[in-house]
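Labels below follow one simple rule: chain letters A, B, ... track the order of the sequence lines, proteins then strands, and each chain is numbered from 1. Owing to the predicted nature of the structure, the values given are computational and were not obtained by experimental measurement.
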Amino acid sequence: MVFGYPGGAVLDIFDQINRSKKIRFILTRHEQGATHMADGYARTTGKPGVVLVTSGPGATNTITGLATAYMDSVPLVCICGQVPTAVIGNDAFQEADTSGISRPVTKHNYLVKTVAELPRVLKEAFYIANTGRPGPVLIDLPKDVQQATLKDYSYPKKIEMVTYRPTYEGNPRQIKRAAEVIEKATRPLLYCGGGVVRSLAHEEVLALAERCEIPVTTTLLGLGSFPETHPLALHMLGMHGTQYANHAMHECDCLIAVGARFDDRVTGKLAEFAPNCRSSIIHIDIDPTSISKNVPVTVPIVGDCKRVLTQLLEIIKPKKHPEWLAQVAEWKKQYPLRYKQDDELRPQFVVEKIYEVTRGEAIITTEVGQNQMWAAHYYLYTRPRTFVSSGGLGTMGYGFPAAIGAQVAHPDKIVIDIAGDGSIQMNIQETATAVLNNLPVIVCILNNRYLGMVRQWQEMFYGRNYSAVDLGRPMDEKGRPTDGLPDDVPLYVPDFVKLAEAYGALGRRITRKDDVAPAIEWAIKARRPVFLEFLVTREENVFPMIPAGASVKQMIGGLA
Amino acid sequence: MEHVISCLVENKSGVLSRVAGLFSGRGYNIDTLCVAPTQDANVSRMTIVCRGDDRIIEQIIKQLNKLIDVIKVTDMTAEEHVERELVLIKVACTAATRADIIQLVNVFRARIIDVDLKTLTVEVVGDSRKVEALIELMRSFGIRELVRTGRVAILRG
């Protein structure tokens with residue numbers, strides 16, 4: 001499975017691609033789209049996504065996609081054409097220093113100078129991408145190396161790298177210490193991140209949570225690592241986390257972090273983060289650099305989440321925490337996620353309906369911004385690899401191509417991109433890819449004609465000075481355009497329904513609450529790419545919210 | 001606190017920029033950096049002098065270890081080790097000061113490696129205290145140019 005775009009410096013590979021019976025190639029409309037598709041494919045399968053692009057602009061267009069995958073530990077192998085070795089460094093046509101540019105956003109990269117090293121490089125690239133803490137690997141492949149003939153070709157069966165040996169098993173002494181710390185705790189909390197999804201440690205998390213009565217909160221990328229319908233689920237924590245998750249984090253006396261990295265969107269102000277558990281933090285992560293980076297840890301355990309938890313479950317004794325669970329249940333009752341219930345079409349309502357209609361069985365991807373947070377809040381994820389979102393880099397334009405990649409991997413599943421009207425326009429050209437490859441991705445555009453998250457920050461922290469966030473035409477108080485453009489220019493651009501139709505996809509605009517569920521059902525039945533455009537309340541805010549760099553005490557509960 | 005970090009790396013193109021990029025990308029400062037092949041031509045040693053509190057140094061060592069081309073990282077500061085730096089100082093001189101300079105150079109067991117009517121070029125090898133002391137003394141005569149290799153270090157025994 002390869003996603004990509006051809007060009008002069010990769011003609012030789014493309015000359016072989018369409019002769020191959022083993023490789024399925026998806027031609028995208030932009031190299032960034034290709035990287036996000038490979039990323040969506042990888043996140044929903046656990047297999048590395050493969051990208052093939054040309055030199056120069058082809059390669060530079062992949063950088064955002066590589067950075068996205070790097071921040072979220074997604075295994076990708078990106079093969080870029082390069083100008084012939086003889087002219088590297090001469091500012092040749094479509095030349096860029098791709099290995100230089102990609103270095104900070106890849107786990108590793110290669111510039112292949114002779115064809116003899118190519119088999120080893122390919123083997124290593126896939127191995128590095130998909131072991132340890134996964135990440136993108138780039139192979140810069142000059143044209144003359146592509147054209148060279150290799151005598152006695154053999155793809156290495158085994159791989160032995162002296163300088164790269166990830167640790168998978170946890171240190172038994174540390175695991176014993178962890179068990180002791182957990183057994184002593186009276187208010188323990190599990191904090192699960194993308195590492196749990198990645199290593200499929202969800203069953204072990206559930207077993208530990210139930211055996212020792214530990215409530216579970218997850219990061220954005222950890223959604224799906226613990227069934228959100230479970231009584232012990234506290235849902236997402238952090239800046240836009242639930243109030244009960246953040247209260248639990250503040251009050252817990254023992255924190256078990258699994259495959260999470262104490263990101264600033266989770267911790268807020270570090271000095272005031274989780275003050276009651278600082279001498280009993282257990283951190284399980286495959287990446288040693290993630291441990292004690294932001295928060296000093298009591299019991300560090302380097303290893304694969306699934307294996308370490310399995311080891312831990314062999315020795316840990318059951319425990320009851322009735323008081324703590326009662327307290328957590330009280331918070332859940334007192335501070336539920338909520339939004340205004342009225343006749344207006346609100347974005348949260350749309351996400352709730354998507355959950356109801358799909359019975360939580362869809363693969364959900366998101367763009368970035370308010371749409372992403374509502375998708376995290378109002379859809380309940382119960383299985384790993386069903387929620388796909390750019391968490392670390394926060395890449396607008398990610399969700400749609402990622403949904404296409406997920407749909408390629410799972411042709412029979414319902415794949416829905418929950419989008420905003422801003423983000424969707426960043427890779428909307430991939431509609432052609434979805435249509436021509438018969439990939440029935442459903443795009444639910446929560447259209448408020450604003451860059452909603454930026455608008456929310458301007459409203460809350462910049463005195464409602466809305467600067468460069470209105471995506472429609474400027475209007476006066478009576479709703480009349482003030483820009484003097486011709487009358488046939490619509491009030492906002494584009495008309496998503498017409499746009500979908502122009503691409504050969506289906507489109508429908510929804511303005512009333514009653515039409516939401518039927519529209520989603522219609523889109524699912526269509527089995528074609530569909531844009532559902534929901535014209536939602538314009539100035540809806542994402543709550544709760546802890547302002548950047550603040551602590552749980554400054555949490556804004558809010559009701560829009 | 002200042003740390004001397006010794007790093008064995010694969011002797012390949014791009015490794016230096018990977019290490020240097022790690023420091024600049026994460027906002028760590030390198031005071032000095034010295035790179036050359038070891039007894040094994042496929043392996044180079046980088047000796048990096050950098051500053052930071054324990055948390056930052058721990059991160060630097062972990063991040064270096066994470067780079068695929070890095071074979072081994074040692075924080076020399078935590079171990080018994082010997083450090084040396086070579087410094088070339090081109091110092092201004094006149095007929096009147098030449099003898100004083102030469103005398104000081106001898107006291108430091110440094111050497112004069114080039115002589116001109118208006119300058120003397122001094123080569124000094126030693127740990128940082130020794131070379132700093134000589135540089136300070138030479139300053140009073142007027143340093144025209146100063147070239148330092150940065151520090152190298154080796155574990156004792």
Portion of A/Leu111 that has a non-hydrogen atom of chain B nearer than 4.5 angstrom: neither
Exceeds 12 heavy-atom contacts within 6.0 angstrom, atom CD1 of B/Ile154: no
Partner chain B: residue of A/Pro288, A/Pro104, A/Pro296 with the largest heavy-atom pair count (under 4.5 Å): A/Pro288
Could you pull out every donor-acceptor pair under 3.5 Å between chain A and chain B?
unit_1   : atom_1 : unit_2  : atom_2 : d
A/Arg103 : NH1    : B/Ser17 : OG     : 2.2
A/Asn109 : O      : B/Arg18 : NH2    : 3.2
A/Asn109 : OD1    : B/Arg18 : NH1    : 3.3
A/Asn109 : OD1    : B/Arg18 : NH2    : 3.0
A/Thr163 : OG1    : B/Ile68 : O      : 2.5
A/Asp287 : OD2    : B/Lys66 : NZ     : 2.8
A/Pro288 : O      : B/Lys62 : NZ     : 2.8
A/Thr289 : O      : B/Gln59 : NE2    : 2.8
A/Thr289 : OG1    : B/Lys66 : NZ     : 3.2
A/Ile291 : O      : B/Lys62 : NZ     : 2.5
A/Lys293 : O      : B/Arg55 : NH1    : 2.8

Within 6.0 Å of CG in B/Leu117, more than 12 heavy atoms from elsewhere: no
